[in-house]
2 protein chains.
Amino acid sequence: MAQPDTVTRILDTAEVLFAERGFAETSLRNITSKAKVNLAAVNYHFGSKKSLIQAVFARYLDPFTERFHRALDELEARHERDGSEIPLEELLETMARTVLEVPAERNSLKVFMRLLGLAYSQAQGHLRGYIQSEYGDVFTRFTELVRRATPELPDAERFWRLHFILGSVIFTLSGLDALRDIAEHDYGERVSVSDLVLRLRPVVVSAMQAPLPG
Amino acid sequence: MAQPDTVTRILDTAEVLFAERGFAETSLRNITSKAKVNLAAVNYHFGSKKSLIQAVFARYLDPFTERFHRALDELEARHERDGSEIPLEELLETMARTVLEVPAERNSLKVFMRLLGLAYSQAQGHLRGYIQSEYGDVFTRFTELVRRATPELPDAERFWRLHFILGSVIFTLSGLDALRDIAEHDYGERVSVSDLVLRLRPVVVSAMQAPLPG
DNA sequence: CTCAGTTAGAAACGATTGTTTGAATCTTCG
DNA sequence: CGAAGATTCAAACAATCGTTTCTAACTGAG
């Protein structure tokens with residue numbers, strides 16, 4: 001089998017190492033030596049370490065946003081025909097399906113989620129700005145649809161609940177390996193990612209439908 | 001006012017910088033220069049950067065675990081007298097109260113939560129091991145009480161739901177500043193930490209009581 | 001006061017970081 | 001083939017990192 005080209009080998013290796021140790025803790029020498037690529041190749045092909053980090057995200061987020069937009073188009077068209085509102089469950093289902101779909105093509109969902117978690121928690125100010133400016137639109141569109149699906153919730157309440165849920169998902173899936181080991185050791189059952197998504201569904205729906213705070 | 005001693009000045013400065021930028025991204029020179037302390041002071045008083053990181057956590061977690069154990073003692077004693085089980089709401093309430101209590105003495109809860117979030121997300125393998133070995137007991141005790149309060153949940157399901165909730169809390173509170181700015185800008189209301197805890201309560205309870213996945 | 005022990009300070013250590021350089025090699029196409 | 005451009009490579013760059021060393025200053029007990 002032919003070796004993938006240098007750019008691909010760098011991206012493949014970088015996303016795994018970034019997901020394992022974080023950005024600052026992963027040196028370009030770690031990446032290039034494991035990828036069997038010359039050190040200077042990163043700066044040659046990507047310009048800088050910052051740009052490499054952004055490129056790693058783009059390789060996930062570009063196809064994700066495209067598919068998600070398409071899925072929302074279809075969902076809206078279907079409900080526009082019969083004049084019904086899109087129910088919350090369908091919106092969450094669509095998002096979950098798209099999230100599961102995209103990384104399946106290449107790497108594991110775990111890496112994708114770890115990266116998302118790092119984007120929120122690590123310093124890397126440039127990353128948050130980059131993601132917001134490049135991919136903020138699809139999130140805005142989604143939240144607007146959620147707004148129409150949950151008209152009983154005050155706007156601020158819905159905002160916070162969406163972030164509670166985002167925290168659950170990112171935290172759980174990005175720490176999946178460690179948690180899975182504990183769960184397997186203590187309860188003897190090995191969960192897959194789709195098991196977890198199945199477990200998340202009723203919890204997420206209940207969270208969104210919780211009574212308003214007194 | 002008398003300057004706090006060197007050790008305290010280092011810890012005060014380190015916890016803020018760690019919370020802002022992470023561990024790897026915060027150099028000892030950042031800390032010592034901002035704390036107006038000699039560079040060598042960190043290695044003299046703490047031995048290494050690793051030990052400094054652990055000391056920062058210990059200053060929060062030592063009083064937290066002590067108070068939390070005491071609060072659980074009291075809760076158990078009260079319910080042992082009338083033979084009733086401790087309801088889930090009381091357990092969550094007790095934990096929330098203790099979490100809010102401890103950092104109020106010194107710094108903001110935000111820093112405490114940012115640090116907890118970093119402990120989970122950052123590489124720093126030594127940190128997870130340290131926290132687990134030093135403070136694992138109180139968490140084990142708490143989960144056992146939650147088990148008795150939710151006998152209808154399978155053990156594995158309860159394990160995962162607790163971590164879903166942990167994710168919500170840590171993610172939201174550790175990203176509080178950024179989220180608060182957005183919420184204030186979009187919805188014109190400035191939330192406090194206790195507002196957020198108030199909002200979290202019904203969501204968390206509903207999450208734990210969600211129907212089992214099909 | 002004196003002296004032992006603790007703390008503070010300036011300077012340097014070796015190691016590692018991201019990046020740049022310039023020559024060597026490979027690829028492409030007229 | 002052969003020249004032009006793209007890519008690879010080894011080496012070095014300056015900057016920064018955590019840590020160590022050694023001396024100076026301070027502190028409290030006899």
Side-chain angles (χ1 to χ4, degrees), chain A residues 1-59 115 118-119 122-127 129-130, chain B residues 1-59 115 118-119 122-127 129-130:
Chain A
M1 66 181 194
Q3 280 262 61
D5 67 7
T6 303
V7 170
T8 307
R9 282 223 303 287
I10 292 175
L11 286 172
D12 287 344
T13 312
E15 71 177 22
V16 171
L17 292 182
F18 285 154
E20 280 175 2
R21 332 183 193 175
F23 306 114
E25 294 88 347
T26 303
S27 70
L28 294 185
R29 285 170 178 81
N30 291 153
I31 298 170
T32 54
S33 69
K34 185 164 184 186
K36 297 201 196 310
V37 151
N38 188 271
L39 169 63
V42 171
N43 288 281
Y44 176 75
H45 288 285
F46 296 93
S48 66
K49 186 180 181 180
K50 269 191 194 177
S51 307
L52 170 62
I53 295 176
Q54 295 180 355
V56 166
F57 275 85
R59 205 165 56 139
L115 291 176
L118 289 178
Q122 301 253 120
Q124 302 293 341
H126 70 98
L127 230 193
Y130 169 77
Chain B
M1 63 181 197
Q3 282 262 61
D5 66 8
T6 304
V7 170
T8 307
R9 282 223 303 288
I10 292 175
L11 286 173
D12 287 344
T13 311
E15 70 176 24
V16 171
L17 291 183
F18 284 154
E20 280 176 2
R21 331 183 194 176
F23 306 115
E25 293 88 347
T26 304
S27 71
L28 294 184
R29 286 171 176 83
N30 291 154
I31 298 171
T32 54
S33 69
K34 185 164 183 185
K36 294 200 200 308
V37 151
N38 188 272
L39 169 63
V42 170
N43 287 281
Y44 176 76
H45 286 286
F46 296 93
S48 68
K49 187 180 179 180
K50 270 190 194 177
S51 307
L52 170 63
I53 294 175
Q54 295 179 356
V56 165
F57 275 85
R59 203 163 60 137
L115 292 176
L118 289 178
Q122 302 253 118
Q124 301 293 338
H126 69 98
L127 229 194
Y130 169 77

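We name chains A, B, ... by the order of the sequence lines, and we start the count at 1 in each one.
- The distance from atom NE2 of B:H126 to atom OG of B:S51, rounded to the nearest 0.5 Å, is 8.5 Å.
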The test is side-chain contact (heavy atoms from CB on, under 4.5 Å); show your working for B:L11 and B:L52 and say whether it passes.
CA-CA 8 Å; B:L11 286 173; B:L52 170 63; 4.0 Å; yes
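- If you take CG of B:L52 and C1' of D:dT19, they are 14 Å apart, rounded to a whole angstrom.
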What string of B, S and - do you get for nucleotides 21-29 of chain C, 5' to 3', when a contact is any protein heavy atom under 4.0 Å?
B--------
Can you pull every protein N or O that's under 3.5 Å from an N or O on nucleotides 4-7 of chain C?
| from | atom 1 | to | atom 2 | distance (Å) |
| --- | --- | --- | --- | --- |
| C:dT7 | OP2 | B:Y44 | OH | 2.8 |

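- Using a 4.5 Å heavy-atom threshold, the side chains of A:L118 and A:L127 count as separate.
- In this structure, the side-chain hydrogen bond (donor to acceptor under 3.5 Å, both in side chains) partners of A:N30, at least two apart in sequence or on a different chain, are A:R21, A:S27.
- Rounded to whole Å, the distance from CG on A:N38 to P on D:dT8 is 9 Å.
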Quick one: do B:N38 and B:T6 satisfy side-chain contact (heavy atoms from CB on, under 4.5 Å)? Show the steps, please.
CA-CA 9 Å; B:N38 188 272; B:T6 304; over 6 Å; no
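- Every residue was checked against the side-chain hydrogen bond (donor to acceptor under 3.5 Å, both in side chains) condition with B:S33, not counting sequence neighbours, and none meets it.
- Between B:L115 and B:A19, the shortest heavy-atom distance links the atoms CD2-N, 4.1 Å.
- Looking only at side-chain heavy atoms (C-beta outward), A:V42 and A:K49 stay at 4.5 Å or farther from each other.
- Pairs engaging residues 9-46 of chain B under the ring pair (Phe, Tyr, Trp, His ring centres under 6.0 Å) rule: B:F18-B:F23 [sequence neighbours left out].
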Provide a list of protein-nucleic acid N or O atom pairs under 3.5 angstrom, restricted to nucleotides 16-18 of chain D.
| from | atom 1 | to | atom 2 | distance (Å) |
| --- | --- | --- | --- | --- |
| D:dC17 | OP1 | B:S27 | OG | 3.3 |
| D:dG18 | OP1 | B:K49 | NZ | 2.7 |
| D:dG18 | OP2 | B:L28 | N | 2.9 |
| D:dG18 | N7 | B:R29 | NH1 | 2.8 |
| D:dG18 | O6 | B:R29 | NH2 | 2.8 |

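- Residues passing the side chain to side chain contact (heavy atoms under 4.5 Å, CB included) test with B:T13, sequence neighbours excluded: B:L17, B:I31, B:K34, B:A35.
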